[in-house]
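The block underneath contains the structure these notes are about, expressed in structure tokens.
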2 protein chains.
Amino acid sequence: MATIRELARRAEVSVATVSRVFNNPDLVTRRTREHVLRVADELGYQPNESARTLATGRSRMVGLVWDTGHRGPGWRHPFLQEILIGLKTALSDHGHHLLMLAAEPGAGGYARAAKRHDLDGIVFIDAGAPDPALADLAASGLPCVALDRPVTGPRATYVTSDNVGGARAAVAHLHARGRRRIATIAGPRRTWPGADRLAGYRLELSALGLPYREELVAEGDFYLDSGHAAMRRLLAPDERPDAVFAAGDQMAIGALRALAEAGLRVPEDVALVGFDDIELAALVPPGLTTVAQDKTAFGTAAARALIAMLPPSPATPHPPAILPTRLVIRGTT
Amino acid sequence: MATIRELARRAEVSVATVSRVFNNPDLVTRRTREHVLRVADELGYQPNESARTLATGRSRMVGLVWDTGHRGPGWRHPFLQEILIGLKTALSDHGHHLLMLAAEPGAGGYARAAKRHDLDGIVFIDAGAPDPALADLAASGLPCVALDRPVTGPRATYVTSDNVGGARAAVAHLHARGRRRIATIAGPRRTWPGADRLAGYRLELSALGLPYREELVAEGDFYLDSGHAAMRRLLAPDERPDAVFAAGDQMAIGALRALAEAGLRVPEDVALVGFDDIELAALVPPGLTTVAQDKTAFGTAAARALIAMLPPSPATPHPPAILPTRLVIRGTT
DNA sequence: CCATATTCTGTAACCGCTTTCATGAAACCG
DNA sequence: CGGTTTCATGAAAGCGGTTACAGAATATGG
């Protein structure tokens with residue numbers, strides 16, 4: 001591999017000049033600059049990133065913390081792929097790479113990895129049990145963006161959907177369809193989306209003048225089976241609900257099965273709204289009405305926020321991005 | 001951040017000794033080693049990876065080339081997530097990180113990124129148009145693993161499913177169900193899975209003594225809509241097929257819709273087998289019979305192969321991993 | 001035309017770690 | 001017990017860049 005010294009020798013300039021050609025082009029005469037670039041091209045010169053990072057302390061890499069282990073090998077984010085596409089695209093445009101951290105999860109594993117690699121920033125995509133290590137990291141001043149979980153720090157912020165608003169829209173929609181006994185299958189309350197969607201449900205109920213009833217709330221874990229179980233629980237009491245708002249599409253689809261097993265028709269007997277708009281939602285008959293999230297926007301918004309907080313920007317937390325949701329009406333309502 | 005010099009000073013040893021403690025522990029007395037480790041712990045010392053990479057030429061990072069752009073923002077690998085989980089897990093265990101390359105696609109973009117970062121190896125997950133840059137990279141001696149596409153080089157190999165065998169099993173199964181006019185919705189022939197599944201289809205037909213008929217072959221692009229269109233084409237002739245082998249589940253589901261639209265019953269009028277066993281397959285009624293691939297095995301096999309080819313292993317291409325497939329019988333047959 | 005300000009370029013220190021080579025200490029041995 | 005080996009450690013030279021500082025070249029102005 002051609003080094004900067006070799007290139008300098010061949011171009012008959014100093015290494016400093018070569019370095020400037022690449023990093024501060026306008027500090028160099030057009031003539032020399034073009035000459036150096038030409039020779040660089042001939043040599044196939046590529047500046048070495050490690051050397052650069054070592055010298056500058058900035059790696060042009062962003063860490064991605066993605067907790068695969070949380071639910072064993074089966075754990076899947078509903079739209080990790082779209083998020084990655086959004087993230088990668090936006091970061092690439094800014095000349096940053098994405099490093100998937102292979103650190104021991106929990107504790108300070110990610111923090112250590114961030115230091116070792118001189119990461120410029122870090123993005124958290126995970127289920128979101130509150131983690132003191134995340135708080136420390138964010139407090140340390142490293143630019144941090146978390147998805148669907150809160151985080152604060154001099155250069156920290158988060159991206160999330162308008163979970164409250166989306167949930168309210170779902171409930172309002174069911175109400176508009178004439179339903180009055182509206183149940184919910186909530187997500188885990190320790191997660192943000194779980195808590196906020198439940199809050200939205202309550203809020204809209206009271207806005208509509210409907211009572212909030214404990215027996216109309218079942219909690220799941222966002223996965224299909226839990227939706228199935230929750231639906232069965234909701235059907236147990238004498239007076240069954242005539243509508244259900246499930247806080248996630250997977251749970252909604254589980255609920256759909258439970259309803260079919262119980263011999264109930266959807267939407268005639270029970271109307272159903274989900275949340276997320278995963279690919280499946282459109283395909284599972286009769287088509288799941290759901291609150292759609294803007295999936296790639298998650299990634300791009302995260303990338304944008306992160307980039308905005310990168311030095312030399314002042315250490316000001318970027319305002320959180322709350323992405324709008326959109327109600328997609330299909331066959332279940 | 002504590003540096004190695006600081007640590008050396010505090011532990012009252014030389015930097016060389018500290019370095020050895022971390023890289024060649026047995027070159028150091030147990031006494032000194034433990035002492036250094038203790039002080040390192042107190043200081044929260046973390047060796048800097050860039051400096052390490054610069055000094056050794058090895059980055060402990062593996063590049064991941066994942067072509068997001070191929071089909072516009074909507075392009076999705078049927079099970080990218082599982083592959084990533086497998087890859088990440090296996091590589092982590094070996095102390096390697098995964099770098100998602102933000103390089104201009106095509107040409108030598110990835111090759112350049114690999115050099116700049118001193119990548120230890122590289123993994124290709126993409127749609128797989130033949131790419132001279134990949135060939136060059138592989139030829140250069142950089143450990144390379146490609147998924148579902150061929151690649152050769154001193155340290156190159158690939159991982160793929162037993163596409164031929166899987167396709168044969170699908171066709172044999174349809175035959176066993178009494179079907180004789182078996183059509184196929186093939187994938188793009190320029191892709192490996194597309195070509196091999198078609199080959200398997202032909203092979204099994206002839207093994208069964210059935211004729212291969214051009215009019216029973218329609219080509220799609222692995223996506224849902226193309227399956228729909230292909231199915232309509234297959235239904236056009238007077239004598240319609242009584243079974244269809246679709247080379248991908250998405251296409252199979254598209255075909256399922258076309259069949260429903262045509263008023264045909266599945267499996268009574270037309271039996272259907274897919275390939276992949278995506279999540280949807282189990283959920284779309286009446287349940288799609290399909291050839292399942294071992295999804296996380298893709299990732300782990302790729303990681304294992306890569307690790308096996310990493311220096312100081314001899315520059316011998318690892319034998320390709322051909323993962324077994326498994327026929328999952330559901331409602332469509 | 002000279003003094004001064006402004007560009008442009010070069011020298012060299014440094015970023016944090018690895019590793020070769022040399023050295024001194026300890027172990028081995030006839 | 002002196003001479004070899006072996007073993008543990010240290011000094012210092014890189015690895016390939018960036019950048020502060022200084023010097024040379026050019027432009028500016030009186």
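First the proteins, then the strands, lettered A, B, ... as listed; each starts at 1.
Defined by atom type and a distance below 3.5 Å, a donor-acceptor pair is present between the side-chain atoms of B:Thr17 and B:Ser14. B:Asp118 and B:Thr53 share no side-chain donor-acceptor pair at under 3.5 Å. Side chains of A:Gln293 and A:Ser161: a donor on one and an acceptor on the other come within 3.5 Å.
When side chains are defined from C-beta on, A:Leu87 counts as touching A:Val123, because their heavy atoms get closer than 4.5 Å.
A donor-acceptor pair under 3.5 Å is formed between the side chain of B:Thr89 and the backbone N or O of B:Ile85.
Atom C1' of nucleotide C:dC17 and atom NE2 of A:His117 are separated by 14 Å, given to the nearest angstrom. Rounded to an integer number of Å, the gap from A:Asp26 CG to C:dT6 P is 18 Å. At whole-Å resolution of the value, CZ in B:Arg31 and C1' in D:dC7 are 16 Å apart. For A:Asp118 and C:dC15, the CG to P distance is 13 Å, given to the nearest whole Å. Here the P atom of nucleotide C:dC17 and the NZ atom of A:Lys115 are 13 Å apart, to the nearest Å.
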field: Stepwise ring pair (Phe, Tyr, Trp, His ring centres under 6.0 Å) test for A:Phe124 and A:Trp66
entry: CA-CA 6 Å; A:Phe124 285 80; A:Trp66 163 51; over 10 Å; no

task: Take nucleotides 9-21 of chain D nucleotide by nucleotide from the 5' end and write B, S or -, depending on whether a protein heavy atom sits under 4.0 Å from the base, only from the sugar-phosphate, or from neither.
output: BBB--BBBBBB--

